[in-house]
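To start, the structure itself, in C-alpha cells.
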Amino acid sequence: MKKRVLRNNTKCVHAGNYYDNNSLGVNTPIFASTAHVFPNNQNEIRYPRAYNTLNQTTVVKKLCALEYGEEGLVFSSGMAAIATVLFTLLKQGDHAIFQSRLYGGTQQLINSELERFGIQKDYINSTNVSDYSNAIKKNTVLIYLESPTNPLLEIIDLKGIANLAKDHEILTIMDNTFATPINQNPLLHGIDIVIHSGTKYLNGHSDVCCGAVVSSRGLMDRIKLCAVNYGGVLDSHACYLLERGLKTLGLRIEQQNRNAFAIAEFLEAHPKVKKVYYPGLPTHPGHELAKNQMKCFGGMVSFELVCDFNAARKFAGNLEIIKPAVSLGGVESIMCFPAETSHALSTIS
Ligand SMILES: *Cc1c(COP(=O)(O)O)cnc(C)c1O
C-alpha cells in the first residue's frame with residue numbers, strides 16, 4: 001500500500017493518536033496510573049519515570065511526526081529537556097560550543113553548572129559558520145544553537161553548521177522553540193537533536209510547563225538512560241494537555257505568523273520605532289537565510305523605541321490588549337523587556 005504523506009495540520013490532529021477500544025473516544029484517555037501490572041510478554045514495565053506510559057508515548061509520536069524524528073521524550077520543562085541532553089552528551093574534559101545569544105535560562109545553566117563538572121565552553125557571538133569552525137578543538141563534542149534567537153531573532157545557517165559538525169564528528173543540538181516544527185525542521189537540515197520548550201508554542205495555551213527532545217533512535221536511547229536518572233518526567237495530565245494543544249499547532253502558528261508579520265511591518269513604518277527585529281522583513285540581516293531554511297518567520301517580534309527605558313515602560317503600560325508577561329507562544333499576545341526578565345541574568349550582552 002502506498003504510504004500516505006500527511007501534511008502538518010493532519011499530523012497535528014491525527015499522528016500517533018491512541019484510540020481506546022473500550023470507550024471508543026476519539027481522544028487519548030488520561031491514564032493516571034503510576035503502578036502497572038507486570039506484562040506477561042517481553043514488554044517493559046510501564047512507569048512514568050521510565051518515559052513509557054501511554055500518555056507520554058502518544059504525545060511523543062505526534063512530536064516525532066512533526067519534527068521528522070525517529071524517537072523523542074517529553075519532559076516537565078524545557079530546561080529539564082536541555083539539562084538532560086547536555087549532561088547526557090558532556091563529560092569532564094569535554095569542550096562545547098554555544099551560540100552566545102541563547103535563551104537566558106540556558107545561559108544560566110551553562111554558566112553555573114558546566115565548570116564545576118570540568119567541562120569547557122566557548123560562546124560564539126556570531127552567525128558566521130566560519131567562527132564556529134574556528135572554535136572547534138580536539139575535545140569539542142557538541143555545538144548548541146537557537147534560530148531564530150531569543151530575543152533578537154538572529155538566524156544561523158543550520159545546514160552550514162550541521163555540515164561543519166559532521167566533518168568533525170561533533171553533534172549539533174538546536175533549540176527550536178521559537179520556530180516550532182511548523183516553521184522549521186532542524187533534523188531535515190542535518191541537525192542531530194531538536195529541543196523544545198513545550199511551555200511555549202507546542203502547548204500554546206500558557207497553562208502547561210513542559211519540554212521535548214526529538215532525535216534519532218540511537219541518540220534518544222542514550223538520552224533516555226540519563227533522563228531516567230534525572231527524572232524530569234511529564235505526568236499524564238500534562239501530557240494530555242500538550243497533546244490537545246498540539247492538535248491546533250498548525251492553525252495557531254499560521255495565524256501567529258500572519259499577525260507577527262503585520263505587526264512588524266506596522267512598527268517598521270512607525271516614526272517612534274527605532275528598530276524592528278523580525279526575520280520576515282527584507283531589512284533583517286538573516287532574511288535570505290530564513291527564507292531558505294524556514295517555512296515562515298514565526299510569531300515573535302522585537303523592537304526598540306525612540307525613547308528611554310521609563311518611557312518604554314509607560315508605552316507597555318498603555319497597551320490595552322497586550323499584557324506585560326514573561327513567556328511566549330500562547331494564544332494571547334504578551335510583551336516583555338528581556339533585559340529585566342528572561343535575560344536579566346544573562347552574562348552576554
Ligand atoms: C522558555 C524557553 C526555554 C525554557 O523552557 P521552560 O519550559 O521554561 O523550562 C528554553 N528555550 C527557549 C528558547 C525558551 O523560550
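Quick caveat, the model's predicted, so the values are computed rather than measured. One-based numbering, in listed order, for ligands and for the atoms of each.
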Selection from [options] by shortest heavy-atom distance to [atom]:
{"atom": "atom 15 (O) of ligand 1", "options": "Met79, Lys200, Met300, Glu146", "result": "Lys200"}
{"atom": "atom 3 (C) of ligand 1", "options": "Phe75, Tyr201, Tyr103", "result": "Tyr103"}
{"atom": "atom 13 (C) of ligand 1", "options": "Thr106, Asp175, Leu109", "result": "Asp175"}

Taking the side chain as everything from C-beta on, heavy atoms only, tell me whether Val141 gets closer than 4.5 Å to Leu171.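 A side-chain contact is absent here, since even the closest heavy-atom pair is not under 4.5 Å.
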
Can you tell me if [X] has a non-hydrogen atom under 4.0 Å from ligand 1?
{"X": "Ile82", "value": "yes"}
{"X": "Leu328", "value": "yes"}
{"X": "Cys210", "value": "yes"}

Using distance alone, with no hydrogens and no angle criterion, decide if [X] and [Y] have a side-chain donor and acceptor under 3.5 Å apart.
{"X": "Thr283", "Y": "Glu268", "result": "yes"}
{"X": "Asp207", "Y": "His205", "result": "no"}
{"X": "Lys200", "Y": "Asn150", "result": "no"}

Test item: Arg252 side-chain N/O and Leu202 main-chain N/O as donor-acceptor pair under 3.5 Å: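 Between the backbone of Leu202 and the side chain of Arg252 there is a qualifying donor-acceptor contact (under 3.5 Å).
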
Near Thr199, which atoms of ligand 1 are under 4.0 Å from a heavy atom of that residue?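 By the 4.0 Å cutoff, the relevant atoms are 6 (P), 7 (O).
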
Nitrogen or oxygen atoms of Cys209 and ligand 1 under 3.5 Å apart: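 N/O-N/O distance below 3.5 Å does not exist for this pair.
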
Compute the centroid of each ring, for Tyr51 and then for Phe75, and state whether the two points are separated by less than 6.0 Å.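 Ring centroids of Tyr51 and Phe75 are less than 6.0 Å from each other.
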
What protein heavy atom sits nearest atom 6 (P) of ligand 1, and how far away is it?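 Closest protein heavy atom to atom 6 (P) of ligand 1: Gly78 N, 3.3 Å.
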
To the nearest 0.1 Å, how far is atom 5 (O) of ligand 1 from its closest protein heavy atom, and which atom is that?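 In this structure, atom 5 (O) of ligand 1 has Ser197 OG, 2.9 Å as its nearest protein heavy atom.
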
Does the cation-pi check pass for Arg313 over Phe309, that is, NZ or CZ under 6.0 Å from the six-membered ring centre and within 45° of its axis?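 Yes, a cation-pi geometry holds between Arg313 and Phe309.
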
